[in-house]
> 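So that we are looking at the same thing, I have put the structure below in structure tokens.
Please read all numbers here as calculations on a predicted model, not as lab measurements.
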Amino acid sequence: MPRPYGFTYEQRTDGSVVITHQGRAAGTLRGARAAKFLTEVESGDAQLVMARWTGAYKHGNERSARNHPRNRR
């Protein structure tokens, strides 16, 4: 599975955190969840953490879905 990329986050003055993926909003965290996210981002791989928190990561079934007759071009 390729490593996630293209994620950024912005901490706002009201304490919320907005996570974007390739320029588009992927999630907003507020309160205790935002604080927990910030500590986790600082201690680990930021791209992987943001992908996990937004749910925008590969699940492993992409190859089989691509080969399904409905998805063939």
> Under the side-chain contact (heavy atoms from CB on, under 4.5 Å) rule, collect the residues that match up with A35, sequence neighbours excluded.
none
> Apply ring-ring contact (aromatic ring centres under 6.0 Å, His included) to Y9 and list each qualifying residue two or more places apart in sequence or on a separate chain.
F37
> So do the side chains of F7 and T54 get within less than 4.5 Å of each other, counting heavy atoms only?
yes
> Please tell me whether V49 and L38 are part of a single hydrophobic cluster in this structure, the criterion being side-chain heavy atoms less than 4.5 Å apart.
yes
> Pair up each side-chain donor or acceptor in residues 11-19 with any protein partner under 3.5 Å, not counting sequence neighbours, and list the distances.
residue	atom	partner	partner atom	Å
D14	OD1	S16	N	3.1
D14	OD1	S16	OG	2.7

> For L29 and A34, which heavy atoms make the closest approach, and how far apart are they?
O-CB, 3.6 Å
> State, yes or no, whether a side-chain contact exists between R33 and R30 at a heavy-atom distance under 4.5 Å.
no
> Could you go step by step and tell me if Y5 and H21 meet the side-chain contact (heavy atoms from CB on, under 4.5 Å) rule?
CA-CA 8 Å; Y5 64 93; H21 182 247; 5.9 Å; no
